[in-house]
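Working notes, structure below.
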Amino acid sequence: MALRILTADIEHETNTFNIRPTEIVDFQNRYLLDGDAAISARGDANTEIAGALDIARLHGWSLTHVISAAAGPGGRVTDQAFDTLCRPLLDAAKYGSWDGVLLILHGAMVTASHDDGEGEILRRLRALTEPDLPIAVTLDPHANVTEAMCDLAQILISFTTYPHVDIRSTGRRAAELLHRAVIGDIRPKTLRAQRPMLEEANGGRTDLGPMIERQAMARAAEKRKGVYAVSINGAFPYADIAEVGPTVLITAETELTGAQDIAEEIADDIWDRRADLLNTYLTVEDAARIAASWKGDGGPLVIADYADNPGSGAYADSTALLSSLLAAGITDACFGPMVDEEVAAALQSQDIGASVTVLLGGKTAPAFGGGPLNLTGIVRWRGEGHYVGSGPIIGGQQRSFGATAVLCVEGIDILIVSIAHQLLDLRQFETFGIDPGQKRVVALKSMQHFRAVFDPIAGRIIVCDSRALCTVNFAGLDYRNVRRPIYPLDDFQN
C-alpha cells in the first residue's frame, strides 16, 4: 500500500518593526494556491514541493498537497490570515489518515498572537495527530528556530545556500528522511544549539567567508553514522522575539551520543567570529561618490541598499540612495524597486514619453530612509507588472509587481511598483524595458540574493545602508522582547 503523505507550504518572514500587518491579500499578491494549483504552478521549479514530488515518484507515495502560500516579508501576520492559512492543513490532518507530514515553512513567522508562528502551526497539527507521527519541516536559513519547533517535529532541514539556489534539493532531502522515518529505517530527532546574537555576522551568506567552512563541517558531520542533516541558520534579526538568533540544528538518530556536541562546535564558531564582517556598509553619499567616478569598465557598478530590502520586510520606499545619486549627477543608471502604489497607479493613465511631475517614495515612515522626492521625468513604461523569473532562484516562476511604471529622471530609470519584491532576478528589470547589463550604474534594493544574477554582469558591487527599516545599525531599532544580554545590543567581554 502506498504511503499516505500530507504536505503543506505556509511561509512568511515577519519584520516586527514593520507597522503594516500582513493580511490574506498579501499572500494572494505573492501566491496563495490550493494543492492542485500549487503543484501545477510550482511542481517543476526550484521549490520544496518540487523536491517532495521527486521523492514521492521515487517511492510511490500517495501525496496530498493542500496549500502553498507565501507573502512578501512584512509586519505581523493577522490572526485571521493565520487561521485561514492553517485551516486546509488542519482539516486534512483531522479528517484524513496519514503516515507522515512534510511542512514547507520559512521559520521566521510572527503573528498578532504568536511570536513563534511555525511553532504554533506545529502545535495545532500535533493536537490532531498521533504523538509519534513523523513530521519533517523545510526551513529557510534565516529561520529563528525555537525549542518548540524542535520538540514538535522530528526532522528540520534548512537550505544550505544564500543566495538560495538549493531549494528543490532541500525538499528532496527532507522528503527522503521522512520516508526513512515512516518505514522505520531511522528514528530521528532534531537538536538545537544557539548563541546570544541577533544574527550571524554576515547574515548567513555562503558565497564567501566563514560559512563556507561551516557548511563543509556540516557536510562532513552528515557522513557520520546516525547523523542525517546539519542545518546552519543565520537567523532573521528584525523579529523582536525572545528566541531570535542564529541556530545550528542536527537531525540525528534519537539518543545518538555526541550529536549535540556537533551542533555546539559550529555554534561556537559563529559566536567566536561574531564581529568578522565581510561587507563594508557605505553611506548613501559615499556610494554616490563611487558611482560618480565609475567608468563602467567590466560592467556596471551595482549598488545594493541593504537597509531598504523588501526581502527583509523594509518598506522599499526609502529615497535616501536615489536622492544621493541624483545629487551626484549620476546618469546611465537604473534604480529599483521604489514601492509607491499611489504614483504607480497615477502613471498608468500617462502616455509613453510624457513628462510628469510626481511626489515619489518616503511616505510610509520618512524617519527610516528619507521622505518623498518631488521629481520630474519621462514615462518609459507602464502597465501590469507581471514577470517570469529566469535566474537560479525564481527561474520559471510567475510573480507580479502590481501596477508598475518606469520613470526616467535625469538619466536614471526608476522602476516604480505597487507590490514589494526584492531584486533577485534580471527579468525584474528586463521585463519593463531596462537592461541592467547595459547601464553604467545599477542601484537595487536587496541584501544577498541579487548576487546570484548580478555577480556575473557587474564590474563591481558595493553595499550601502540608507538607514531604512532593515538597517544594520540594530541599536537604532526599538528592541523590547529579545532576551538580554544579546550581541550586538549589549557588550560581551569574551
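Note that the coordinates shown come from a computational prediction; the quantities given were computed from them, not determined experimentally.
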Considering all heavy atoms, the nearest Gly74-Thr22 contact: C-OG1, 3.7 Å
By side-chain hydrogen bond (donor to acceptor under 3.5 Å, both in side chains) - contacts of Asn233 (at least two apart): Ser158, Thr247
For Arg273, the option from Arg214, Met211, Glu200 that meets side chain to side chain contact (heavy atoms under 4.5 Å, CB included): Arg214
side-chain hydrogen bond (donor to acceptor under 3.5 Å, both in side chains) involving Asp268 - partner list, sequence neighbours excluded: Arg195
Separation between CZ of Phe454 and CD1 of Ile303, rounded to the nearest 0.5 Å: 12.5 Å
Over all atoms of both residues, closest heavy-atom pair of Gly117 and Thr111: CA-CG2, 4.3 Å
Whether Asn46 side chain and Ile167 backbone form a donor-acceptor pair below 3.5 Å: yes
Shortest non-hydrogen contact from Asp276 toward Ala201: O-CB, 3.8 Å
Backbone N/O of Asp317 and side chain of Asp308: donor-acceptor pair under 3.5 Å: yes
Interatomic spacing from OG in Ser62 to CG in Leu6 - rounded to 0.5 Å: 10.5 Å
Sequence-distant partners of Trp98, ring-ring contact (aromatic ring centres under 6.0 Å, His included), two or more places apart: none
Nearest non-hydrogen partners of Pro436 and Val442, listed with the distance: O-CG2, 3.5 Å
Qualifying residues under side-chain contact (heavy atoms from CB on, under 4.5 Å), relative to Asp455, sequence neighbours excluded: Arg451, Ile461
Ile121 side chain reached by Cys86 side chain, heavy atoms, under 4.5 Å: yes
Partner residues of Gln428 under the side-chain hydrogen bond (donor to acceptor under 3.5 Å, both in side chains) criterion, sequence neighbours left out: Tyr387
Side-chain (Thr206) to main-chain (Tyr162) donor-acceptor, under 3.5 angstrom: yes
Under 3.5 Å donor-acceptor, Thr47 side chain and Arg42 backbone: yes
Lys/Arg-Asp/Glu bridge criterion (N-O < 4.0 Å) met for Arg20, Asp26: no
Partner set under side-chain contact (heavy atoms from CB on, under 4.5 Å) for Ala136, not counting sequence neighbours: Leu102, Ile155, Leu178
Leu103 side chain reached by Glu118 side chain, heavy atoms, under 4.5 Å: no
Partner set under side-chain contact (heavy atoms from CB on, under 4.5 Å) for Arg460, not counting sequence neighbours: Ile290, Trp294, Leu301, Ile462
Any residue meeting ring-ring contact (aromatic ring centres under 6.0 Å, His included) with Tyr281, in chain and number order, not counting sequence neighbours: Tyr306
Sequence-distant partners of Thr160, side-chain contact (heavy atoms from CB on, under 4.5 Å), two or more places apart: Asp166, Arg173, Gln215, Arg219
For Asp99, all residues meeting side-chain hydrogen bond (donor to acceptor under 3.5 Å, both in side chains), sequence neighbours excluded: Arg4
Salt-bridge present (Glu120, Arg124; N to O < 4.0 Å): yes
Counterpart residues, ring-ring contact (aromatic ring centres under 6.0 Å, His included), relative to Phe159 (two or more places apart): His164
Only distances under 3.5 Å count here; give the side-chain donor-acceptor pairs of residues 417-425 to other protein atoms, sequence neighbours excluded, each with its distance to 0.1 Å.
| residue | atom | partner | partner atom | Å |
| --- | --- | --- | --- | --- |
| Ser418 | OG | Ala403 | O | 2.8 |
| His421 | ND1 | Arg30 | NH2 | 3.0 |
| His421 | NE2 | Ser400 | O | 2.9 |
| Gln422 | OE1 | Ser446 | OG | 2.5 |
| Asp425 | OD1 | Ser390 | N | 3.2 |
| Asp425 | OD1 | Ser390 | OG | 3.4 |
| Asp425 | OD1 | Arg427 | N | 2.9 |
| Asp425 | OD2 | Ser390 | N | 2.9 |
| Asp425 | OD2 | Gly391 | N | 2.7 |

Identified side chain to side chain contact (heavy atoms under 4.5 Å, CB included) counterpart of His65 within the set Asp34, Thr7, Asp36: Thr7
Partner of Val248 by side chain to side chain contact (heavy atoms under 4.5 Å, CB included), out of Val145, Ile262, Val230, Leu191: Val230
